[in-house]
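Order of the sequence lines fixes the chain letters, A, B, ..., with proteins taken first and strands second; residue numbering starts at 1 for each chain. Predicted model only: the values in this text are computed from it and were never measured.
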Number of protein chains: 2
Amino acid sequence: MTGNTPDGPTAPPLDAGPRRSSPATLEDVARAAGVSLATASRSLNGSSRTVNADYRSKVLDAAARLNYSPNLSAQAVARGSTMTVALVVADITDPYFSSIAAGVVAEADQGRLIVTMAATERDSERELEIVRTLRGQRPKVIILAGSRREGDPSQAALKSELEDYERAGGRVVLISRNELGFRTVQIDNASGASALAASLVELGYRRFSVLTGNRELKTAADRLDGFTAELERAGIRVEADRVVQSAFTRDGGYEGMQTLIAAGLQPNEAVFAVNDVMAVGALSALRDAGLTPGADVAVAGFDDIPTVQDVWPTLTTVTVPLVEVGRTALRLALEDADAAAVSAGSPVATSVVVRDSTPRRA
Amino acid sequence: MTGNTPDGPTAPPLDAGPRRSSPATLEDVARAAGVSLATASRSLNGSSRTVNADYRSKVLDAAARLNYSPNLSAQAVARGSTMTVALVVADITDPYFSSIAAGVVAEADQGRLIVTMAATERDSERELEIVRTLRGQRPKVIILAGSRREGDPSQAALKSELEDYERAGGRVVLISRNELGFRTVQIDNASGASALAASLVELGYRRFSVLTGNRELKTAADRLDGFTAELERAGIRVEADRVVQSAFTRDGGYEGMQTLIAAGLQPNEAVFAVNDVMAVGALSALRDAGLTPGADVAVAGFDDIPTVQDVWPTLTTVTVPLVEVGRTALRLALEDADAAAVSAGSPVATSVVVRDSTPRRA
DNA sequence: CGCGTTCGAGAAAGCGCTTGCCGATCATCC
DNA sequence: GGATGATCGGCAAGCGCTTTCTCGAACGCG
């Protein structure tokens, strides 16, 4: 196509305009080094076969001189597999997901992997569609974070799609939702929430409300359950009408808190929002209603996203090492089946951090 | 390799274990539809050539039946170009960048493009390295957000790297830093900062400090300049020792404010942090020092990242439509040269939003 | 010194797809 | 009614790599 002369680099075309020079190919390198394509390939990617040191360094030199960089797509086609990790999140701007993404990206570039991103916008139809589209990419790994719902009609379709993908040699890792039967980075939602409940009780709280996300969201459900279970153990019941369900987002938290306020706040009440972004929304709702979070009503969240240390009052929450979760997800994907079976067993540890939003009650 | 029988789908291998079934290839589809490879290809990607409706629907049927999904790598190799957009940011967890990323991703999936992410961790050596690595991907577009510094030694290398890339047909878009001579999404930093200064003056402030990021960061410098320029126009000078330079991050803002506090705050002073994450850090520093932001000292930021509406006091800042900036970046990349020349001319508009962190001074 | 090995370079056959070209078919035109 | 296009399948040549296989050369051994 380029009609190279048999030796020497590509002759520049004669036409005017910005010369469009394609990057050097392996063939260019081989020719420049005076070796065959095969030898060039072997020298560059250190295959199982050894290459005479002389040739090897000739190739390396030529490659450097020509500024050669292997065409990843071509490699993928030839090898039959890519170096791509596909990360699917609900919402990139949500600190929960961006922290996880940061972990995945950090881990990926230690393994010369490329990560591609897609956002479901919290829509599971969309998630399914994205996973379907992903097939074309033939990624080595698919990491799914968030947005899965129990009993969702597209759940089954997703599952079979992912199974097909694994059958073709791909690896699926789910973050914090093991319902589908794939490798999972477990976050200990239930016991984290229990520990939080225990801390709040210890701080002197006796009346509770909870702002829960969409109830079918496994994560939300687990946190709610863990929380109430511990309270029950302490002999405290949280009234059904004090559990309000709203979107799993900042605005959801805001609205949920409004509902709670409208229904009437109790003295010395503590509100548990099942995640930090909701908790932050709740704080704002309180303030907009003229109340002082912390003093008038305590608020606690879950996740320990970076911003909660900068809101006022600083938020009591349950720490989840999100960046580490992202890294772990990728590592888990790369392990072979038996090792993965082991590591998938132990959920990542959470721990409660008490801050100003839940002052001790006398 | 798979040793298919000449007709019918791949025969299942006889060995045990989880059967590894590779995805259907175009050849499978063609065979199933009883047409040639060429016809199958043309029916599926509606090339310039038309194909008889009968054949076409046969192919489409077969493709659906076999759950065919084209191998993007193979397409890339055959076509000589990918559908990939490479996005490189400083830090994925920073809301500034994650908002931009969200915009890029949103725009990308309207164009069936794939976006890959990399993080420089605010290190320009690393940025250069990443861009170099990117070459292997042969992305259609490279979008660079943040982390470029003036007079950086690797600047020249980066530039030539990017030029090579454009010469090979790629498109580079820079976000908010046009120093390199590529397409740029301009953010009107200087005039946004000027407008902010004007608003603060109008609110009654007369003494100012600024928390600026690394001074070589073009964005930081422009904002600082715009701010002081407007103040000078109003006859106000900001003392050199009231301009403190620290990292362009939340922690940088925190430390910067500590420095300011140590040097002694003036009554009715307003502190301008050149971006919101720094401003948020500054708020926390104030509080940790026992001061009340807003009441004791006013604080303003820049960017209007989502969280600043949830901190207390809510932050006065300059709105930058970050998600839109991301979308624009990608659109700009896809336009042809002359159209791009036009659209690159107009910076995205910013506007100041006054919130509680800068109450009116009597 | 002859023979079996081993080593390692290179030719070539893919990988899954696109596309230029050829030629068969059929409608159209004077 | 024969020539002239236009239309559209299919063949096959790529795209830039990897990897199997072939085969010559170098080496070791008795």
Side-chain angles (χ1 to χ4, degrees), chain A residues 1-4 10 20 22-59 62-63 66-83 135-138 168-169, chain B residues 1-4 10 21-59 62-63 66-83 135-138 168-169:
Chain A
M1 178 187 229
T2 29
N4 294 349
T10 306
R20 180 142 167 171
S22 339
T25 71
L26 184 58
E27 192 179 343
D28 298 334
V29 174
R31 196 183 304 132
V35 303
S36 75
L37 216 54
T39 302
S41 170
R42 291 195 271 251
S43 327
L44 288 169
N45 60 26
S47 80
S48 57
R49 276 194 34 189
T50 54
V51 162
N52 179 303
D54 268 12
Y55 284 98
R56 176 200 214 76
S57 69
K58 255 192 228 163
V59 171
L66 298 180
N67 201 4
Y68 172 73
S69 154
N71 182 322
L72 261 35
S73 296
Q75 287 190 319
V77 168
R79 296 212 249 253
S81 75
T82 66
M83 294 296 271
R135 301 182 56 210
Q137 260 181 68
R138 308 279 192 273
Chain B
M1 177 187 230
T2 31
N4 292 349
T10 307
S21 73
S22 340
T25 70
L26 184 57
E27 191 179 345
D28 298 335
V29 174
R31 197 182 303 130
V35 302
S36 75
L37 219 53
T39 303
S41 170
R42 291 196 269 249
S43 320
L44 287 170
N45 59 27
S47 79
S48 57
R49 279 195 33 186
T50 54
V51 35
N52 179 302
D54 268 13
Y55 284 93
R56 175 200 213 75
S57 69
K58 257 192 225 163
V59 171
L66 297 181
N67 202 4
Y68 171 74
S69 152
N71 182 322
L72 261 34
S73 297
Q75 287 190 320
V77 168
R79 296 211 249 252
S81 75
T82 65
M83 293 296 271
R135 300 182 56 210
Q137 262 182 64
R138 307 277 191 276

Calculate the interatomic distance between [X] atom [atom1] and [N] atom [atom2]; express it in whole Å.
| X | N | atom1 | atom2 | value |
| --- | --- | --- | --- | --- |
| A/Leu37 | C/dA13 | CG | P | 14 Å |
| B/Glu27 | D/dC11 | CD | P | 12 Å |
| A/Tyr55 | C/dA9 | OH | C1' | 7 Å |
| B/Leu26 | C/dC15 | CG | P | 14 Å |
| B/Arg56 | D/dT7 | CZ | P | 16 Å |
| B/Gln75 | C/dC15 | CD | C1' | 14 Å |
| B/Arg138 | D/dG16 | CZ | P | 9 Å |
| B/Asn52 | D/dA6 | CG | C1' | 15 Å |

Heavy atoms from C-beta onward define the side chain here; which of [options] lies closest to that of [X]?
| X | options | result |
| --- | --- | --- |
| A/Ala74 | D/dG16, D/dC8, C/dA12 | D/dG16 |
| B/Arg79 | C/dT18, C/dC15, D/dT19 | C/dT18 |
| B/Ala38 | D/dG14, D/dG10, D/dC17 | D/dG10 |
| B/Thr39 | D/dT18, C/dC17, D/dG9 | D/dG9 |
| A/Arg42 | D/dG16, D/dC21, D/dT18 | D/dC21 |

Look at the side chain of A/Ser73 and the backbone N and O of B/Val77, then say whether any donor-acceptor pair between them is shorter than 3.5 Å.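 Answer holds: no.
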
So, the side chain of B/Arg135 versus the backbone of A/Asn67: is there a donor-acceptor pair under 3.5 Å, distance only?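 Answer holds: yes.
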
Is there a side-chain contact between [X] and the phosphate of [N], meaning an N or O under 4.0 Å from OP1 or OP2?
| X | N | answer |
| --- | --- | --- |
| B/Thr50 | D/dC8 | yes |
| A/Ser41 | D/dC17 | no |
| A/Ser36 | C/dA9 | no |
| B/Asn45 | C/dT18 | yes |

Closest contact, heavy atoms only, A/Thr82 versus A/Ala76: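 Scanning both residues completely, I find the closest heavy atoms to be CG2-CB, 3.8 Å.
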
Give one of base, sugar-phosphate or nothing for B/Val51, where a contact means two heavy atoms less than 4.0 Å apart.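 Sugar-phosphate, no base atom in range.
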
Any chance you could measure A/Asn71, atom CG, to B/Arg138, atom CZ, to the nearest 0.5 Å?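 A/Asn71 CG to B/Arg138 CZ: 4.5 Å, rounded to 0.5 Å.
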
Return the CG to CG distance between A/Leu26 and A/Leu44, rounded to the nearest 0.5 Å.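 Reported to 0.5 Å precision, the distance equals 6.5 Å.
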
